[in-house]
Amino acid sequence: MQLVGGDNSGVAEAVKQVEQVKQSGKGMATREWNPLDFDIGEEEDEEGTASQSSISPPLPYFDRDRHVAFLEMMYNLMPHHYQSQEINRLTLAFFTISGLHLLRALDRVDKDRVADWVLSFQAHPRSRAQLKNGQFYGFHGSRTSQFPPDGNGVSARNAGHLASTYCALAILKTVGFNLLTIDKESILISLRNLQQPDGSFMPVDVGAETDLRFVYCAAAICFMLEDWSGMDREKAKEYILKCQSYDGGFGLMPGLESHGGGTYCAVASLRLMGYIEDDLLSKTVTSSVINVPLLLDWCMQRQAIDGGFQGRANKPSDTCYAFWIGAVLRILGGYKFIDKIALHRFLLTCQSEFGGFSKYPGDLPDIYHAYYGYTAFSLLEEPGLNPLCAELGMTDLTAIGII
């Protein structure tokens, strides 16, 4: 499927880019490329032992040109395996467009076309009174979640989603669109409909779970719109604090196991909401609403012997946690304590010959792990990449509005 828009004008260019990448490498894998197959195991020979014969050895350096070609292909014509992810089209677009900005290749996209396309997903109430009907007037994740109006032009339901709204605003900022010109009042007033009595958020107005992911989305939305009227920050803070576990990390909900993604959402939210300072560990006197020493210890224990980061105790290293845990350490001021050489080496084992990154070494690439591979290399200050705003998960240039 084509990522932005619905025509096939970019198909020929996408095919050309793939062929260029193929020609630039030797001994490339011949098995079918399935970007969403995150857990492909090693091939086995007749004796039942693992064989790596179809997998080329990892490149010994960060190959920016291949990554740009990978993202350009995703922008012009995504592999058909992503059709099942159509409902998350805005999220896929965020990974692609923000990824190109990280790689200093944002000139490869039509910024005005992207902005118009993203704006077409916003849900709008028919009147101000509808903002109190319990629904959320943010952004739809895709065309399939934009329910058509009835014969009288009335939409009985909209499917505005917190995560899609975060991605929409992030894309708009990335392409230089002025967020102050959009209908932010509808977003912020209806955003409060999603906050629960305990301070958590649902992603949609009915039938959904509540956890730290959506607290983070709400905080990021308010931060990007420069208006905190969309949430009760004190209630959200209290909910976040209840999620810190005995070992220092944060579970996605109170009482759950500490998790890299949940920990990022907690710490980044508190930072965006102004409850913790940046670079806490550098302060002479540290006073914080969270147990920072215990959190730092938990984060440091997540770097495994292979140099990568795991999301939870006793789990294998995974590319994306180089961002989820690494960004927490960057916010706290503890990133200097990690073994950067070992992390760099691990990430290169997950770099694909096709461009992009896989979840584990030797697997095939996908857009999710590709994006968080780029953010991880940005945290490592890889030459040729734009610096990262850790708490927003996008470039510093995007965060401060310099495009």
Side-chain angles (χ1 to χ4, degrees), residues 3-4 17 21 35 59 61-76 78 88 90-111 114-115 118 163 166-177 216 220 223-224 261 264 268 308-309 318-331 335 340 343-344 346-348 350-352 354-359 365-403:
L3 185 58
V4 177
Q17 291 159 6
V21 172
L59 292 170
Y61 60 92
F62 181 85
D63 193 334
R64 177 185 172 277
D65 290 342
R66 290 189 189 224
H67 296 305
V68 171
F70 175 83
L71 291 179
E72 280 192 280
M73 182 192 66
M74 293 293 176
Y75 176 75
N76 287 308
M78 300 193 79
N88 298 316
L90 271 180
T91 302
L92 299 175
F94 166 68
F95 291 147
T96 302
I97 295 166
S98 185
L100 284 168
H101 196 209
L102 279 166
L103 296 171
R104 299 182 182 176
L106 192 57
D107 60 325
R108 313 301 173 93
V109 307
D110 184 332
K111 299 181 183 65
V114 167
V118 171
Y166 160 77
C167 290
L169 297 180
I171 294 170
L172 290 172
K173 281 183 69 67
T174 299
V175 299
F177 186 84
Y216 171 76
F223 184 88
M224 287 189 282
Y264 171 82
F309 279 87
D318 176 335
T319 294
C320 68
Y321 291 107
F323 167 76
W324 298 121
I325 303 294
V328 172
L329 289 169
R330 171 59 62 84
I331 294 170
Y335 197 73
K340 295 181 181 179
L343 176 58
H344 190 275
F346 170 80
L347 290 172
L348 287 179
C350 298
Q351 180 178 230
S352 171
F354 300 104
F357 286 85
S358 59
K359 179 175 183 175
D366 64 86
I367 188 62
Y368 171 85
H369 289 94
Y371 183 72
Y372 289 113
Y374 306 144
T375 59
F377 269 98
S378 180
L379 288 173
L380 288 169
E381 300 180 347
E382 178 73 21
L385 296 185
N386 278 322
L388 187 74
C389 174
E391 56 266 39
L392 279 178
M394 60 186 72
T395 67
D396 271 338
L397 295 173
T398 297
I400 61 178
I402 301 178
I403 301 297

With rounding to the nearest 0.5 Å, note down the distance linking [atom1] in [X] to [atom2] in [Y].
| X | Y | atom1 | atom2 | answer |
| --- | --- | --- | --- | --- |
| Leu71 | Leu106 | CG | CG | 11.0 Å |
| Met394 | Leu102 | CE | CG | 10.0 Å |
| Leu388 | Glu381 | CG | CD | 11.0 Å |
| Tyr166 | Thr91 | OH | OG1 | 10.0 Å |
| Ile325 | Leu379 | CD1 | CG | 12.0 Å |
| Ile367 | Phe94 | CD1 | CZ | 10.5 Å |

Worked check of side-chain contact (heavy atoms from CB on, under 4.5 Å) between Val175 and Val118: CA-CA 11 Å; Val175 299; Val118 171; over 6 Å; no

Under a 4.5 Å cut-off applied to non-hydrogen side-chain atoms, are [X] and [Y] in contact?
| X | Y | result |
| --- | --- | --- |
| Arg104 | Arg64 | yes |
| Val4 | Thr96 | no |
| Phe377 | Leu103 | no |

Nearest heavy-atom pair of [X] and [Y]: which atoms, and what distance?
| X | Y | value |
| --- | --- | --- |
| Ala168 | Leu90 | CB-CD1, 4.0 Å |
| Ala220 | Leu392 | CB-CD2, 4.1 Å |
| Met78 | Met74 | CG-O, 3.0 Å |
| Gly356 | Pro365 | C-CB, 4.1 Å |
| Phe177 | Ala115 | CD1-CB, 4.1 Å |
| Ala268 | Tyr216 | CB-CE1, 3.6 Å |

Return yes if some donor-acceptor pair links the side-chain N/O of [X] with the main-chain N/O of [Y] below 3.5 Å, else return no.
| X | Y | result |
| --- | --- | --- |
| Ser358 | Cys350 | yes |
| Glu391 | Ile331 | no |
| Tyr264 | Ala390 | yes |
| Ser378 | Asn386 | yes |

Residue pair Leu3, Phe95: steps toward the side-chain contact (heavy atoms from CB on, under 4.5 Å) verdict: CA-CA 11 Å; Leu3 185 58; Phe95 291 147; over 6 Å; no

Option among Tyr61, Tyr371, Phe62 that satisfies the ring pair (Phe, Tyr, Trp, His ring centres under 6.0 Å) test with His67: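 For His67, the ring pair (Phe, Tyr, Trp, His ring centres under 6.0 Å) test succeeds with only one of Tyr61, Tyr371, Phe62, which is Phe62.
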
Distance-only side-chain donor-acceptor flag, Thr395 / His101, under 3.5 Å: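 Indeed, the side chains of Thr395 and His101 share at least one donor-acceptor pair under 3.5 Å.
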
Distance flag, aromatic centroids of Phe70 and Tyr374, threshold under 6.0 Å: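 No, the ring centres sit 6.0 Å or more apart.
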
Centroid-centroid under 6.0 Å between Phe309 and Tyr321 rings: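 When the ring centroids of Phe309 and Tyr321 are compared, they turn out to be at least 6.0 Å apart.
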
Salt bridge (charged side-chain N to carboxylate O under 4.0 Å, His left out) partners for Arg330, two or more places apart: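 Counting only residues at least two positions away or on another chain, Arg330 forms no salt bridge (charged side-chain N to carboxylate O under 4.0 Å, His left out).
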
Worked verdict on Lys359 versus Tyr368 for side-chain contact (heavy atoms from CB on, under 4.5 Å): CA-CA 9 Å; Lys359 179 175 183 175; Tyr368 171 85; over 6 Å; no

Intermediate values then yes/no, side-chain contact (heavy atoms from CB on, under 4.5 Å), Arg66 and Leu59: CA-CA 11 Å; Arg66 290 189 189 224; Leu59 292 170; 4.0 Å; yes

